[in-house]
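Heads up: the structure comes next, in structure tokens.
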Amino acid sequence: MSDKNNKSALICGSMAFDTIMVFSGRFKNEILPDKVHILNVSFLVPELRREFGGTAGNIAYNLALLGGAGVPMATVGHDFGTYETWLDSNGIPCEALKVVDEAYTAQAYITTDLDDNQITAFHPGAMSFAHIQPIVTKTAQGPVAIGTVSPDGRDGMLQHATQFAEAGIPFIFDPGQGLPMFDGADLRDFIDKASYVAVNDYESEMMMQRTGLTLAEIADRVDALIVTYGSKGSRIHADGKIHEIPCAHAHSLADPTGCGDAYRAGLLYGLLQGMDWATTGRVASLIGAIKIERPGPQNHRFTPAQFGERFKEEFRYDLR
């Protein structure tokens, strides 16, 4: 497994510090539905970690583990030094990261309960300046063959989608938690510019509601529509059919934070390598399962050879 084509992915999205807290109960037992209009809830969180995160950072980290060439592009704050050191130590290039001196790096405060539900507070910080940085078409790792527009500053996401389209670079539109920032017209424009759309089942429902398009109609406008369903696997709408992708088996369930980003790294790797959709989806599914086995979005590790062995064990054929 390697990036045999000497081409890179430009991963536009956020770089963030994630403060992750684990509540040793269930939110549903603490929030009274008939009192949500006067909500005042406190959760005791005996477990707390500060992690490196953000969509661009997480996707780039996972793509690097697979042996793919990915360059994160983001705006970061004056406090980014420790994160930059981490990226350097993992061989992830920082050439497309721009420091905004007057801002903090984006910060996410995530509380997870025993059912893996999450409540998140997010300070965008330098992410709000994403629009000041245009995309690049070539990196030190090679020409940009594919891009992503993942959760980032609103203006940055709109600008980068337009720039990818004008440069003729295919990209994955991955709205994630940024989806509520856009109305139906915005989302239809993203879809029409993108080559691929990747959403989870909740986001797919919101996208359909806001655009007035069905999943089939969205799929008709792109090369592939990828919808993930958590433990039920995922479906890739491409080539006039639906590819059913099974959920890979995880050895343990430690933390769901960053699983979606890991999955998207698998998509990028498969697309860079020219894999078929059935294999690409399984690569994405497996790396998501590996991620959930470890707490935090960037604490799991494997070599490309180890991933290939586990892929064969899971899906009964060699990954080439």
Side-chain angles (χ1 to χ4, degrees), residues 13-59 61-62 74 76-77 79-80 82-83 86 103-128 150-154 174-181 199-206 228-232 247 250-265 287-300:
S14 62
M15 304 291 291
F17 292 108
D18 291 341
T19 299
I20 301 170
M21 297 158 280
V22 178
F23 171 52
S24 55
R26 292 174 169 82
F27 295 143
K28 66 182 180 182
N29 296 333
E30 304 297 326
I31 299 174
L32 302 176
D34 60 336
K35 300 295 183 181
V36 293
H37 63 293
I38 53 169
L39 188 64
N40 186 356
V41 181
S42 177
F43 301 109
L44 179 65
V45 287
E47 181 183 340
L48 182 148
R49 305 183 313 277
R50 194 168 192 238
E51 306 281 3
F52 301 116
T55 53
N58 294 343
I59 294 171
Y61 177 82
N62 284 281
V76 300
D79 57 341
F80 191 68
T82 56
Y83 202 156
W86 168 256
Y104 287 100
T105 301
Q107 315 269 331
Y109 297 88
I110 304 165
T111 304
T112 301
D113 74 357
L114 294 181
D115 291 329
D116 286 337
N117 296 307
Q118 293 184 331
I119 296 175
T120 301
F122 188 75
H123 170 66
M127 194 182 82
S128 299
S150 293
D152 207 347
R154 183 182 188 278
D174 165 33
Q177 294 180 337
L179 195 152
M181 296 189 295
V199 288
N200 64 28
D201 53 341
Y202 179 83
E203 293 156 2
S204 72
E205 293 292 336
M206 182 180 291
T228 60
Y229 296 89
S231 62
K232 297 180 181 178
C247 181
H251 296 162
S252 62
L253 302 176
D255 180 6
T257 307
C259 286
D261 295 332
Y263 185 100
R264 281 142 183 77
I287 194 169
I290 292 172
K291 205 282 1 132
I292 205 171
E293 295 168 357
R294 297 284 296 171
Q298 297 182 31
N299 292 320
H300 54 294

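Computed from a prediction, not measured in an experiment: that's the story for all the values here. Counting begins at 1 with the first residue of the sequence.
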So with a 6.0 Å cut-off around CD of Gln177, is the heavy-atom count from everything else above 12? no
Tell me, yes or no, whether the heavy-atom count around Asp34 atom CG, taken from other residues, nucleotides or ligands under 6.0 Å, exceeds 12. yes
Heavy-atom side-chain contact between Thr55 and Asp152 under 4.5 Å: no
Residues Cys259 and Gly288: closest non-hydrogen pair is SG-O, 3.7 Å
Can you give me the closest heavy-atom contact between Ala254 and Pro295, atom names plus distance? CB-N, 3.9 Å
Residues at least two apart in sequence or cross-chain that pass ring-ring contact (aromatic ring centres under 6.0 Å, His included) with Phe17, listed by chain then number, are Tyr83
Can a donor-acceptor pair be found, under 3.5 Å and without considering hydrogens, that links the side chain of Asn117 to the backbone of Asp113? no
Hey, mind stepping through Phe43 and Met21 against side chain to side chain contact (heavy atoms under 4.5 Å, CB included) and telling me if it holds? CA-CA 10 Å; Phe43 301 109; Met21 297 158 280; over 6 Å; no
Within the structure provided, determine whether Glu47 and Phe23 are in side-chain contact (heavy-atom separation under 4.5 Å). no
Got a sec, which residues hit ring-ring contact (aromatic ring centres under 6.0 Å, His included) with Phe122, two or more places apart in sequence or on another chain? none
Any side-chain heavy-atom pair of Tyr61 and Phe52 under 4.5 Å: no
For the atom pair NE2 (His123) and CD (Gln107), what is the distance rounded to the nearest 0.5 Å? 6.5 Å
Checking Ser14 side chain against Met127 main chain: does a donor-acceptor pair fall under 3.5 Å? no
Closest non-hydrogen atom pair, Ala289 against Ile292: O-CG2, 3.1 Å
Scan residues 19-29 for pairs that pass side chain to side chain donor-acceptor pair (under 3.5 Å), counting only residues two or more places apart or in two chains. Arg26-Asp115
4.5 Å side-chain heavy-atom contact, Asn58 and Gln298: yes
Please confirm whether the backbone N or O of Gly296 pairs with a side-chain atom of Asp255, one donor and one acceptor, at under 3.5 Å? yes
Residue that, paired with Val45, satisfies side-chain contact (heavy atoms from CB on, under 4.5 Å) out of Ile20, Thr111, Val22: Thr111
Listed by chain and number, what are the salt bridge (charged side-chain N to carboxylate O under 4.0 Å, His left out) partners of Asp174, not counting sequence neighbours? Arg264
I'd like to know if the side chain of Glu203 reaches the main chain of Asn200, judged simply by a donor and an acceptor atom lying under 3.5 Å from each other, with no hydrogens or angles considered. yes
Donor-acceptor pair, Asp261 side chain versus Ile59 backbone, under 3.5 Å? no
Over all atoms of both residues, closest heavy-atom pair of Ala265 and Asn62: CB-CB, 3.4 Å
Within a strict 4.5 Å, meaning less than it, do heavy atoms of the Tyr263 and Thr228 side chains meet? yes
For atom OH of Tyr229, is the number of surrounding heavy atoms from other residues, nucleotides or ligands below 6.0 Å larger than 12? yes
Indicate the atoms forming the closest heavy-atom contact of Pro297 with Gly53, along with that distance. CG-CA, 4.1 Å
All salt bridge (charged side-chain N to carboxylate O under 4.0 Å, His left out) counterparts of Glu51, not counting sequence neighbours: Arg49
In chain order, what residues pass the ring-ring contact (aromatic ring centres under 6.0 Å, His included) check against Tyr104, with sequence neighbours excluded? His78
Heavy-atom closest pair (Ala103 atom, Gly125 atom, distance to 0.1 Å) is CB-C, 4.2 Å
Verify the distance criterion only: is there a donor paired with an acceptor across the side chains of Thr105 and Asp79 at less than 3.5 Å? yes
With no hydrogens and no angle check, is any side-chain donor or acceptor of Lys291 less than 3.5 Å from a backbone partner on Thr257? yes
